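A short worksheet on the structure shown next.
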There are 2 protein chains.
Amino acid sequence: MKTKLFIVDDHYMVIEGIRSMLEQEPQIDWLGYAYNAAACLSYLRTQTPDVILMDINLPDTSGIELCGEVLQRYPGVKVIGLSTFNQLSFISRMLDKGASGYLLKNASKAEILKAIETVMQRRQYLSLEASEMIKKNETADAPVLTRRETEVLQLIAEGMTNAEMAERLFVSTTTIDTHRKHLLAKFNVKNTAVLIRLATQMKFV
Amino acid sequence: MKTKLFIVDDHYMVIEGIRSMLEQEPQIDWLGYAYNAAACLSYLRTQTPDVILMDINLPDTSGIELCGEVLQRYPGVKVIGLSTFNQLSFISRMLDKGASGYLLKNASKAEILKAIETVMQRRQYLSLEASEMIKKNETADAPVLTRRETEVLQLIAEGMTNAEMAERLFVSTTTIDTHRKHLLAKFNVKNTAVLIRLATQMKFV
DNA sequence: CAAAAAATCCCCTAAAAACAGGAGAAGAAC
DNA sequence: GTTCTTCTCCTGTTTTTAGGGGATTTTTTG
């Protein structure tokens, strides 16, 4: 039984690298690739792969969003996140969205094959270097936000004041103020500037 | 006359992609690759390539530094920068260091070959999409900041208040206030939140 | 050198955000 | 059926930013 493999990555060189490594493998059925989230979703309407290798950074949506969307529509698909060293903070959110594993972009052919094999057995595959770094980062990094907090964070980043947000969300300004306090506390920062910088860097906005 | 080609990139998939695309080309002599700046410099002590494809992001030094160092020691070598879409701001600095060209990581085989050919003729090769985006970035979105404004912007993003920045930069708080006003005006935004979001997205911070 | 740009400083007022501390209600989780 | 989380709201005070002016002194640059 061949594994139907699909890639979503905006870098042709990466796609070509994976293709060159895996195309000749007997257990891999190379379905193709997409450069962005839209093309990926469009492809999935006609074909259903077994495994999708998905870059965290895409030109239109973030891989995190795309992962959530894909798994909501096609729960049977296994998604393996792809990332570079300095983006490990995103991985845990990708796993939260239901991804089955992740690889670093410097993975060898053997490691990619192992990852695909592992997730096909309904187990999780975490690249060694990356899971080590995640362990290290676990404490400090990306906070867990509630629905409302995420919403408020987004609106702050759009430039709205507490009064404007209160009106938009049909709550009191003091409520917004509370959400802000919680955001500052969760990100462990003391003002909006750093909050928005971190939130932007961590792709919350 | 074959072109001796060397790659510096920390992502195995990218190296494999380029190798797979170019190895069979008769005019290319595939010398090999390095994962980081140190390995690259070490390799250059034994061999001198004609063209180096160099990633902007490396684990040890930045590609920009490495580019400067390599060209200082081996002025005859042609360096072509490699980058992704969201790192265009680094390219101009790479060109300042003497790079002969740059490519985006989604470049096709034909484009890579054209770039190599072009720089071997002692001309500069700039990828189309990227030079367009650089042009865009120059005019519309990214404002031109003065030295002091950049400095203040950075400190705001670090979370400092006007008083703290004034102390750090040995000026009055009202001066900082003025720089802030200019920043808001230049970015055409009404508060710090949007300022920092845009500045982060545009890689000012 | 003259003109433009950048950096510096000042006034004032109003608005917004941060800090502190508490508290009730609804729903989910155990 | 209690505990935890989330969302909601409150009263205050203090700090920080934003907005609107204006002005002087260095640097750059044509």
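This one's a predicted model, so the numbers in the text were calculated from it and none came from an experiment. Letters go in sequence order (proteins before strands), and every chain restarts at 1.
Under the 3.5 Å distance criterion, the side-chain polar atoms of A/Gln47 are left unmatched by any main-chain donor or acceptor of A/Leu44.
Taking every heavy atom of both residues into account, A/Phe204 and A/Gln154 meet most closely at O-NE2, 2.9 Å. Of all non-hydrogen atoms in A/Lys78 and A/Ser100, the two that sit nearest each other are CD-OG, 3.6 Å. Between B/Ala163 and B/Thr173, the closest heavy-atom pair is CA-CG2, 3.7 Å. Minimum heavy-atom separation, A/Ser127 to A/Leu103: CB-CA, 4.2 Å. Here the shortest heavy-atom pairing between B/Lys186 and B/Val144 reads NZ-O, 2.9 Å.
D/dC9 atom P lies 9 Å from atom CD1 of A/Ile176, rounded to whole Å. Rounded to an integer number of Å, the gap from A/His179 NE2 to C/dA17 P is 15 Å. In this structure, NZ of B/Lys186 is placed 17 Å from P of D/dA18, rounded to the nearest angstrom. Whole-Å rounding puts the A/Leu183 CG to C/dA17 P distance at 13 Å. Between B/Arg180 atom CZ and D/dT15 atom C1' there is a gap of 12 Å when expressed in whole angstrom units.
Comment: B/Lys105 engages B/Asp9 in a salt bridge, judged by a side-chain N to carboxylate O separation of less than 4.0 angstrom. Under 4.0 Å is where a charged nitrogen must lie from a carboxylate oxygen, and between B/Glu164 and A/Lys190 at least one such pair does. Between A/Lys2 and A/Asp50 no salt bridge is recorded (no basic side-chain N to carboxylate O distance below 4.0 Å).
Look at A/Thr146 and you won't find any side-chain N or O under 4.0 angstrom from OP1 or OP2 of D/dT5. Contact annotation: A/Thr175 does not reach the phosphate of D/dC7 (side-chain N/O to OP1 or OP2, under 4.0 Å).
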- Task: Let me have a per-nucleotide readout for nucleotides 19-26 of chain C, 5' to 3', with B, S or -, counting only protein heavy atoms under 4.0 Å.
- Result: BBB-----
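Using a 4.5 Å cut-off on side-chain heavy atoms (C-beta onward), A/Glu151 and A/Met165 make no contact.
With the end axes of the helix from C/dC1-D/dG30 to C/dC30-D/dG1 each set by five pairs, the angle from one to the other reads 70° at 10° resolution.
The listed nucleotides are C/dA17, C/dC10, D/dT8; the one nearest the side chain of B/Thr174 is C/dC10. For B/Arg147, taking side-chain heavy atoms from C-beta onward, the closest of the listed nucleotides C/dA7, D/dC7, D/dC9 is C/dA7.
Side chains of A/Glu117 and A/Tyr125: a donor-acceptor N/O pair is absent below 3.5 angstrom, by distance only. A donor-acceptor pair shorter than 3.5 Å can be found between the side chains of B/Thr192 and B/Arg180.
Note on ring orientation: taking the six-membered ring where Trp is involved, the planes of B/Phe6 and B/Tyr43 are parallel (angle under 30°, cut-offs 30° and 60°). Under the 30°/60° scheme for interplanar angles, the aromatic rings of B/Tyr33 and B/Tyr35 are found to be tilted.
In this structure A/Gln27 satisfies the side-chain contact (heavy atoms from CB on, under 4.5 Å) test together with A/Glu25, A/Leu113, sequence neighbours excluded.
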Protein N or O to nucleotides 25-28 of chain D N or O, pairs below 3.5 Å:
none

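Here A/Arg197 contributes atom CZ and A/Asn191 contributes atom CG; the two are 10.0 Å apart, rounded to the nearest 0.5 Å.
Shown for residues 159-170 of chain A: no residue has heavy atoms falling under 4.0 angstrom of DNA chain D. Looking at residues 148-156 of chain A, you'll see that no heavy atom sits under 4.0 Å from any atom of DNA chain C.
Among the protein residues, B/His182 comes within range of no part of the nucleic acid, since none of its heavy atoms lies under 4.0 Å from any strand. Within the 4.0 angstrom heavy-atom criterion, only backbone atoms of the sugar-phosphate kind lie near A/Ser172; the bases stay farther away.
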